[in-house]
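This report concerns only the one structure given below.
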Amino acid sequence: MKIDSIWIAFIKIRPLPNCDFDFDGGDFFFCEAYVPIYQSERPQHIFEEIIRKSKEKLQDKNLEIVDIFMITRFDQSQWEVEGNSGNNPHELAKLAKESNNIVFSGFRSEEIEEETKYIHRIINLD
């Protein structure tokens, strides 16, 4: 199957018992899931597919979804990266497409998430 698009789910998670990640004792963490969607998947079920795939991948790591606070289709022209977080959306989307698999950004604590800003702009191209 051919990948039609990459979608990004912005997720709040919590570690489950036997989780191998060392989260410094925090209760919740944040990440983005870069999810490849194939042409054959029905448009009316894309969000359900993104949630299902993300949930399954996180469960494999003994992590549980607490909240998904945004889902958006990745469009390279709409993303700029400022700073050096190591979570470049262009690179992560490319890796998800090339690997044909979900790719997660780095997991962030609540403190770091509070310092992360996502800005949406509407620009008149006239």
Side-chain angles (χ1 to χ4, degrees):
M1 283 187 273
K2 184 177 178 199
I3 294 176
D4 179 54
S5 57
I6 301 294
W7 289 74
I8 307 172
F10 296 78
I11 304 173
K12 181 178 183 179
I13 59 172
R14 81 170 128 239
L16 295 171
N18 300 320
C19 180
D20 293 336
F21 291 98
D22 179 14
F23 286 120
D24 295 328
D27 293 329
F28 301 105
F29 301 89
F30 298 83
C31 69
E32 292 82 47
Y34 291 76
V35 184
I37 295 296
Y38 304 96
Q39 287 179 339
S40 64
E41 292 173 303
R42 296 175 294 179
Q44 66 270 27
H45 297 287
I46 286 176
F47 286 169
E48 294 166 359
E49 246 339 85
I50 292 166
I51 293 167
R52 182 189 66 75
K53 289 177 178 183
S54 298
K55 182 178 178 181
E56 287 175 1
K57 253 327 195 193
L58 288 166
Q59 283 177 336
D60 290 346
K61 301 174 184 297
N62 288 320
L63 297 166
E64 176 181 54
I65 294 176
V66 174
D67 188 21
I68 297 179
F69 51 94
M70 183 169 49
I71 298 175
T72 187
R73 185 189 321 244
F74 178 77
D75 177 344
Q76 185 171 342
S77 68
Q78 295 178 352
W79 289 89
E80 293 179 19
V81 179
E82 294 181 16
N84 190 16
S85 72
N87 288 319
N88 185 319
H90 300 278
E91 293 172 7
L92 294 168
K94 181 180 176 184
L95 182 58
K97 188 172 186 174
E98 289 174 352
S99 68
N100 230 10
N101 208 343
I102 292 179
V103 173
F104 290 100
S105 67
F107 296 105
R108 299 178 301 281
S109 67
E110 290 180 274
E111 294 81 20
I112 293 172
E113 180 66 12
E114 289 172 4
E115 297 175 6
T116 303
K117 301 264 188 248
Y118 301 96
I119 299 171
H120 301 275
R121 295 183 182 148
I122 299 173
I123 300 171
N124 187 347
L125 300 176
D126 290 343

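- Put simply, the side chain of F29 does not reach to within 4.5 Å of the side chain of L63, judged on heavy atoms.
- For F47, the side chain to side chain contact (heavy atoms under 4.5 Å, CB included) criterion is met by W7, I50, I71, not counting sequence neighbours.
- Taking all atoms of both residues into account, the shortest heavy-atom contact from I11 to I13 is CG2-CG2, 3.4 Å.
- V35 has its side chain out of reach of I8: every pair of non-hydrogen atoms, C-beta onward, lies at least 4.5 Å apart.
- Considering only residues two or more places apart in sequence or on other chains, A93 meets the side chain to side chain contact (heavy atoms under 4.5 Å, CB included) condition with I6, Y34, F74.
- Between L58 and F104, the closest side-chain pair of non-hydrogen atoms falls below 4.5 Å.
- Taking CD of Q59 as the start and CG of L16 as the end, the distance is 8.0 Å to the nearest 0.5 Å.
- Applying the side-chain hydrogen bond (donor to acceptor under 3.5 Å, both in side chains) rule to E64 yields the partners R14; only residues at least two apart in sequence or on another chain are considered.
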Steps toward side-chain contact (heavy atoms from CB on, under 4.5 Å) verdict (W79, N88): CA-CA 9 Å; W79 289 89; N88 185 319; over 6 Å; no

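- V66 belongs to a hydrophobic cluster whose other members, connected by ILVMFWY side-chain contacts under 4.5 Å either directly or through intermediates, are F28.
- Legend: residues meeting side-chain hydrogen bond (donor to acceptor under 3.5 Å, both in side chains) with K57, ordered by chain and number and at least two apart, are N101.
- Closest of all the heavy-atom pairs between I102 and S54 is CD1-N, 3.7 Å.
- The side-chain hydrogen bond (donor to acceptor under 3.5 Å, both in side chains) search around E48 returns H45, not counting sequence neighbours.
- The structure places CZ of R108 at 7.0 Å from SG of C31, a figure rounded to the nearest 0.5 Å.
- For E56, the side chain to side chain contact (heavy atoms under 4.5 Å, CB included) partners are R52, not counting sequence neighbours.
- Counting only distance, with no hydrogens or angles, the side chain of N62 and the backbone of N18 share a donor-acceptor pair below 3.5 Å.
- Atom CD of E32 and atom CZ of F30 lie 10.5 Å apart (nearest 0.5 Å).
- Closest approach of K53 and P36 over heavy atoms only: NZ-O, 3.3 Å.
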Test log, rule side-chain contact (heavy atoms from CB on, under 4.5 Å), inputs K97 and L92: CA-CA 9 Å; K97 188 172 186 174; L92 294 168; over 6 Å; no

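- Partners of D75 according to the side chain to side chain contact (heavy atoms under 4.5 Å, CB included) rule, which considers only residues two or more places apart in sequence or in another chain, are S77, Q78.
- In plain terms, the two heavy atoms of I68 and I51 that are nearest each other are CD1-CG1, 3.6 Å.
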